[in-house]
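Okay, structure first, notes after.
Naming: A, B, ... by sequence-line order, numbering from 1 per chain.
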Amino acid sequence: MWDFPIFPKQASTVASSVDNLTLFILSYNVLITAGVFVCLIFCAVYFRQRHKDEVGEQTHGGLLLEISWAVIPTIICLVTFWWGVKVYAELVVPPADATDVYVVGRQWMWKTQYPTGHKEINTLHVPLGKPVKLTITSEDVLHSFWIPAFRVKADAVPGRYTTLWFEATVPGEHRLFCTEYCGTEHSRMIGKVVVHDEADYQKWLTEEAEFGDALQGRKLFTKLQCVTCHAGESQAKAPILEELYMKRVPIGFDKGSPTAPGTSVLVDENYLRESIRYPSAKIVAGWQHPSIMPAYDESLVSEDDLFQVIAYIKSLRRGQTPPRIEATTQPRALGAPQGK
Amino acid sequence: MSTTVSELKAKGVPFVNNEPSKVTYLNHENTVASWLLTLDHKRIGVMYLISMTFMFLLGGIFAGIIRAELITPKGDMLSSDFYNKTFTAHGVIMVFFVLIPAVPASLGNFIMPLMLGAKDVAFPRLNLMSWYLYVIGAVFTLLAMLLGGVDTGWTFYTPLSSTYSNGNVMVVAAGLFILGFSSILTGLNFIVTIHRMRAPGLTWFRLPLFVWALYATSIIQLLGTPVIAITLSLLGLERVLGVGIFDPRLGGDPILFQHLFWFYSHPAVYIMILPPLGVASELVTTFSRKPIFGYQMIAGSSLAIAIFSFIVWAHHMFTSGISPYAAMFFSLLTFSVAIPSGIKVFTWLGTMWRGSIVNDSPMWFAYGFIGLFTIGGLTGLFLSTLGTDIHLHDTYFVVAHFHYVMVGGAIVGLMGGLHFWWPKMFGRMYNEPLAKLSAFFVFAGFNLTFFPQFLLGYLGMPRRYHEYPAEMQVMNVFSTAGALVLGLGYIMPMIYLTYAAFWGPKASKNPWGATTLDWTATDSPPTPHNFEGQPVVTEEPYHYKSTENKEHALAH
């Protein structure tokens with residue numbers, strides 16, 4: 001009965017950074033708490049009233065003490081804050097070479113999608129010792145994706161993408177929880193992260209692979225009529241999407257635009273998502289406002305499909321957009337079989 | 001040995017008042033209508049205390065059900081739906097109907113005008129209306145629970161609450177909307193009273209520190225509460241009329257709800273904790289028989305906490321996808337609340353140092369309060385630090401932290417205040433050994449209940465979980481065992497304090513030898529209009545003279 005864990009295992013590269021910071025805060029917490037308790041008990045006993053007419057020393061304070069117990073905690077807090085920011089930077093900035101995995105939360109399950117295009121429920125397979133970046137959203141209410149052994153967490157928010165990244169250091173299975181209350185079966189919205197070593201991961205990938213996300217996205221790009229306007233031609237009716245990902249684009253001057261003229265926006269997953277769901281939200285300079293593009297809501301493109309369309313747009317290199325009439329260019333999808 | 005109340009009595013100190021009974025606010029009228037239609041701040045304070053105790057019992061029963069279910073990892077006692085409704089009911093009742101009005105509406109209403117040397121609060125009718133709004137709000141909320149309950153959690157996060165929840169969200173929201181006005185009107189009433197109704201000579205820096213704490217609290221109630229009223233109205237617009245505000249399917253933003261909700265609900269934490277901090281200051285100086293250490297620092301830190309409380313709300317949202325720069329900004333601002341909170345603890349210790357400490361039961365509660373508030377405050381630093389909050393957010397670590405502050409702080413502070421002012425409120429003494437035993441049970445039971453939850457949270461137990469992994473059972477069993485001890489610590493004073501109010505030995509005017517007007521210038525219990533004539537204040541509070549001189553001073 002007594003061999004229960006009191007501290008979670010460390011299974012990612014950031015886990016020890018988080019734990020070291022925890023131990024730092026804990027150490028002064030213990031010192032201050034012990035100091036306060038010892039002082040309380042000492043005063044209660046040593047300075048107790050000894051005759052009934054006795055009063056305490058009639059003093060009103062001490063400037064030096066008052067300044068020191070304002071200044072010293074301020075310094076401790078600033079050190080803690082700064083250390084916290086450094087660890088946070090480690091937690092939120094993914095390495096450039098991270099593998100993408102997409103995660104959709106819904107009442108009450110986690111759906112995971114891999115670059116290879118296949119999907120799983122409540123399970124996340126990741127390689128050992130390789131950075132993995134999760135892009136997370138929700139189909140319904142708020143959820144939150146937490147892997148305690150990795151010390152990472154991000155909310156799944158309907159209508160936008162959040163990200164988290166980690167690099168697993170311990171092979172095997174780790175627990176995965178939903179930590180944002182999401183309704184009746186909240187406590188059953190749990191799962192596991194399976195960490196494979198490199199060889200196992202490749203084996204698992206090839207066994208499971210069907211079609212690349214980007215390849216699927218390319219089909220949708222045609223099916224949803226995106227290609228009609230976003231054609232790779234000079235007379236295109238909409239911005240060309242090639243090599244657009246992670247570029248900054250200027251935002252239009254149109255009076256009706258809610259965004260201040262002269263600003264620019266980074267084309268990341270969230271901007272691509274917003275521009276598909278609400279095309280008029282942020283219009284690229286030089287294009288008509290409101291947008292002539294229809295709003296692709298959930299009835300037209302599901303969250304799962306949206307990830308694939310975005311994966312396709314991210315993969316587009318110069319000259320790869322198909323002309324309006326289907327040609328034979330192939331997107332370059334990670335881990336996907338080339339050609340069909 | 002320290003001198004206890006019973007020993008004072010044995011030594012023949014005129015602690016027990018043997019004068020024939022006089023006209024008091026309790027006995028001058030005795031009909032039910034004279035209570036329900038009273039404009040007397042003292043009776044309204046007592047009515048708040050009774051209604052809050054009822055809500056506290058209900059909320060406590062829900063807490064008991066939660067802890068009983070969590071003895072085993074499997075959800076084998078309740079359905080998930082019932083469990084979710086239970087913790088929602090526990091949260092809504094405890095936060096809105098107990099913690100927020102706890103000290104200001106009961107002790108504040110009763111004691112603050114006495115401390116000012118005033119006959120009543122500035123707007124007695126508004127004060128009575130506040131109590132009725134509280135009762136109506138409570139009726140709506142309890143009605144929602146009878147109709148089948150609400151399963152959103154007390155935070156009502158959208159779009160779960162606006163679109164998906166199957167409960168009676170709008171009934172509770174209406175109840176809380178109405179209740180909010182009770183809080184706003186109390187805040188307004190207190191601010192005007194403190195500005196306009198101080199006795200001659202009672203300058204701002206002669207105010208008792210409890211009044212300063214209530215003043216800071218009232219500012220938050222007045223400025224913060226309208227925001228939750230607006231938020232609940234917007235929630236209603238979306239849920240009932242389908243106006244897209246929070247649900248992304250309707251073009252809304254779910255994170256907007258969190259910003260609005262916490263813009264009120266974080267300051268609300270300080271509505272809960274500032275008044276008990278004021279109570280603790282009164283207890284520590286009175287029972288140390290020594291002037292408070294750094295009066296202006298304590299008064300100033302109350303105001304500082306009230307102001308800072310409005311600019312830290314997004315620390316509840318570090319994992320919600322807000323900009324990392326916003327997260328850093330709010331993390332830094334959150335640390336700014338730690339400093340005045342720390343100052344308070346250190347000044348209490350400074351007050352006790354070289355004091356002449358009388359270890360009576362109110363002081364025992366003050367010790368418990370200081371200890372639990374210190375742990376609660378310090379563990380907050382793990383949550384204001386970005387690097388550690390990401391792991392700890394929405395886990396049992398957070399549950400443990402805010403219970404240390406809200407229960408260990410607000411409720412233990414309220415209990416200390418009740419034991420301190422009980423002889424003033426009812427003119428009778430309670431059983432001192434039982435009171436000390438209760439203080440011990442509350443402190444021990446509280447730590448046994450909530451300390452294991454810090455470990456559970458770091459280990460990986462998310463909050464609001466009906467079922468949990470088997471390896472976490474042992475600490476959950478500790479926690480439930482602690483809840484039993486804690487419950488005993490709560491039920492004891494309900495019994496012996498009620499008994500004392502009717503049948504306890506009569507108390508003298510100023511049994512603790514305190515220096516503020518509520519003790520020196522009024523009877524125990526006070527007459528209907530508090531004072532005979534207008535009291536005048538000539539010096540700063542907390543100048544203690546030896547007990548013999550004090551009795552001499554009281555003689556004429």
Exercise for the section: Could you tell me whether B/K290 and A/E57 make a salt bridge, using a distance below 4.0 angstrom between a side-chain N and a carboxylate O? Expected result: no

Practice task
Could you tell me whether B/F87 and A/Y181 have their ring centroids closer than 6.0 angstrom?
Solution key: yes

Practice task
Spell out, as yes or no, whether a donor-acceptor pair under 3.5 Å connects the side chain of B/Y157 to the backbone of A/C182.
Solution key: no

Problem - Working for side-chain contact (heavy atoms from CB on, under 4.5 Å), residues A/E54 and B/R289 - result: CA-CA 8 Å; A/E54 190 183 61; B/R289 315 216 43 72; over 6 Å; no

Problem - Crowding at OH, B/Y325 (>12 non-hydrogen neighbours, <6.0 Å) - result: no

Completion exercise
Whatever's closer than 4.5 Å to a heavy atom in chain A on B/I343 counts as both

Handout entry: Atom pair CD1/CG of A/I32 and B/L381 - distance to nearest 0.5 Å
Key = 8.0 Å

Handout entry: A/I41 portion near chain B, given a 4.5 angstrom heavy-atom threshold
Key = neither

Completion exercise
Bottom line for B/M363: the part with an atom under 4.5 Å from chain A's heavy atoms is neither

Practice task
With a 4.5 Å cut-off on heavy-atom pairs, point out which of B/G371, B/P452, B/G342 contacts chain A the most.
Solution key: B/G371

Exercise for the section: Under 4.5 Å heavy-atom distance to chain A, tell me which part of B/T347 shows up: side chain, backbone, both or neither. Expected result: both

Fill in the blank from the handout: In short, A/Q58 meets B/Y544 closest at the heavy-atom pair OE1-N, 3.2 Å

Problem - Engaged part of A/N29 at the chain B interface, taking heavy atoms whose separation is under 4.5 Å - result: both

Problem - Region of B/Y83 that comes under 4.5 Å of a non-hydrogen atom in chain A - result: neither

Exercise for the section: Return the minimal non-hydrogen interatomic distance between A/T179 and B/P462, and the atom names on each side. Expected result: CG2-CB, 3.7 Å

Exercise for the section: May I ask you to decide if the ring planes of A/F47 and B/W353 are parallel, tilted or perpendicular, using 30° and 60° as cut-offs? Expected result: perpendicular

Handout entry: Ring center gap for B/H391 and A/W146 short of 6.0 angstrom
Key = yes

Practice task
Check each atom of A/F150 against the heavy atoms of chain B and say whether the ones under 4.5 Å are side chain, backbone, both or neither.
Solution key: neither

Handout entry: Toward chain B, the part of A/L63 with a non-hydrogen atom under 4.5 Å
Key = neither

Fill in the blank from the handout: If one checks every heavy atom of A/V18 against chain B at 4.5 Å, the contacting part turns out to be both

Handout entry: Interchain contact, A/R277 with chain B, by part (heavy-atom threshold 4.5 Å)
Key = neither

Practice task
To the nearest 0.5 angstrom, please state how far the CG atom of B/L392 sits from the OG1 atom of A/T22.
Solution key: 6.5 Å

Exercise for the section: Give, as side chain, backbone, both or neither, the part of A/F37 having an atom under 4.5 angstrom from any heavy atom of chain B. Expected result: side chain

Handout entry: A/D297 with B/R249: basic N within carboxylate O range, under 4.0 Å
Key = no

Exercise for the section: Using modelled atom types only, decide if a donor and an acceptor are shared between the side chain of A/K153 and the backbone of B/I390 within a distance under 3.5 Å. Expected result: yes

Problem - Interface moiety of B/P159 toward chain A, non-hydrogen atoms closer than 4.5 Å - result: both

Completion exercise
CG (B/L378) and CG (A/L26) are apart, to the nearest 0.5 Å, by 10.5 Å

Exercise for the section: Any chance you could measure A/F81, atom CZ, to B/L333, atom CG, to the nearest 0.5 Å? Expected result: 9.0 Å

Practice task
For A/D155 and B/S320, test the side chains for any donor-to-acceptor distance below 3.5 angstrom and give the result as yes or no.
Solution key: no

Exercise for the section: Ignoring hydrogens and angles, state whether a donor on the side chain of B/Y468 or A/S187 is under 3.5 Å from an acceptor on the partner side chain. Expected result: no

Completion exercise
Bottom line for A/E90: the part with an atom under 4.5 Å from chain B's heavy atoms is neither

Practice task
Sort A/Y46 into side chain, backbone, both or neither according to what part of it lies under 4.5 angstrom from a heavy atom of chain B.
Solution key: neither

Practice task
Heavy-atom distances under 4.5 Å only: say whether B/I255 touches chain A with side chain, backbone, both or neither.
Solution key: side chain

Handout entry: Contact class of A/L164 relative to chain B, heavy atoms under 4.5 angstrom
Key = neither

Problem - Heavy-atom check, side chain of B/T385 versus side chain of A/Y88, under 4.5 Å - result: no

Exercise for the section: Would you please classify the geometry between the B/F293 ring and the A/W69 ring as parallel, tilted or perpendicular, with 30° and 60° separating the classes? Expected result: tilted

Exercise for the section: Could you walk me through whether A/Q107 and B/L160 pass side-chain contact (heavy atoms from CB on, under 4.5 Å), step by step? Expected result: CA-CA 10 Å; A/Q107 287 178 325; B/L160 181 68; 3.7 Å; yes

Handout entry: Region of A/F42 that comes under 4.5 Å of a non-hydrogen atom in chain B
Key = side chain

Exercise for the section: Answer with side chain, backbone, both or neither: which region of A/D19 has an atom nearer than 4.5 Å to a non-hydrogen atom of chain B? Expected result: both

Exercise for the section: Verify, without hydrogens or angle tests, whether A/E185 (side chain) and B/S80 (backbone) share a donor-acceptor contact under 3.5 angstrom. Expected result: no

Exercise for the section: Could you check if a side-chain atom of A/C43 sits within less than 4.5 angstrom of a side-chain atom of B/Y367, using non-hydrogen atoms only? Expected result: no

Problem - Side chain, backbone, both or neither of B/T374 within contact of chain A (heavy atoms, under 4.5 Å) - result: side chain

Problem - Contacting moiety of B/D247, where chain A heavy atoms sit under 4.5 Å - result: neither

Exercise for the section: May I ask you to name which of A/V152, A/V92, A/L91, A/L142 has the most heavy-atom pairs under 4.5 Å with chain B? Expected result: A/L142

Exercise for the section: Compare all side-chain heavy atoms of A/T80 with those of B/F335 and state whether any distance is below 4.5 angstrom. Expected result: yes

Problem - Toward chain A, the part of B/T158 with a non-hydrogen atom under 4.5 Å - result: backbone

Problem - Where A/F177 and B/P469 come nearest, the two heavy atoms and their spacing - result: CZ-CG, 3.8 Å

Handout entry: Contact origin within A/I6 toward chain B - heavy atom pairs under 4.5 Å
Key = both

Fill in the blank from the handout: All heavy atoms of A/H186 vs all of B/R464, minimum pair found to be CD2-O, 3.2 Å

Handout entry: Interface residue of largest heavy-atom contact number with chain A, from B/T395, B/D389, B/T334, under 4.5 Å
Key = B/T395

Handout entry: Heavy-atom closest pair, residues B/A338 and A/C77
Key = CB-SG, 4.1 Å

Handout entry: Interatomic spacing from NZ in B/K85 to OG1 in A/T184 - rounded to 0.5 Å
Key = 8.0 Å

Fill in the blank from the handout: Of the listed B/E540, B/M475, B/M317, B/R463, the one with the largest count of heavy-atom pairs under 4.5 Å with chain A is B/M475

Completion exercise
Note: A/V55 and B/S356 closest approach over all heavy atoms is C-CB, 3.5 Å

Problem - Side-chain donor/acceptor of B/D151 to backbone N/O of A/G183, under 3.5 Å - result: no

Problem - CG-CH2 distance between B/L332 and A/W82, expressed to the nearest 0.5 angstrom - result: 10.5 Å

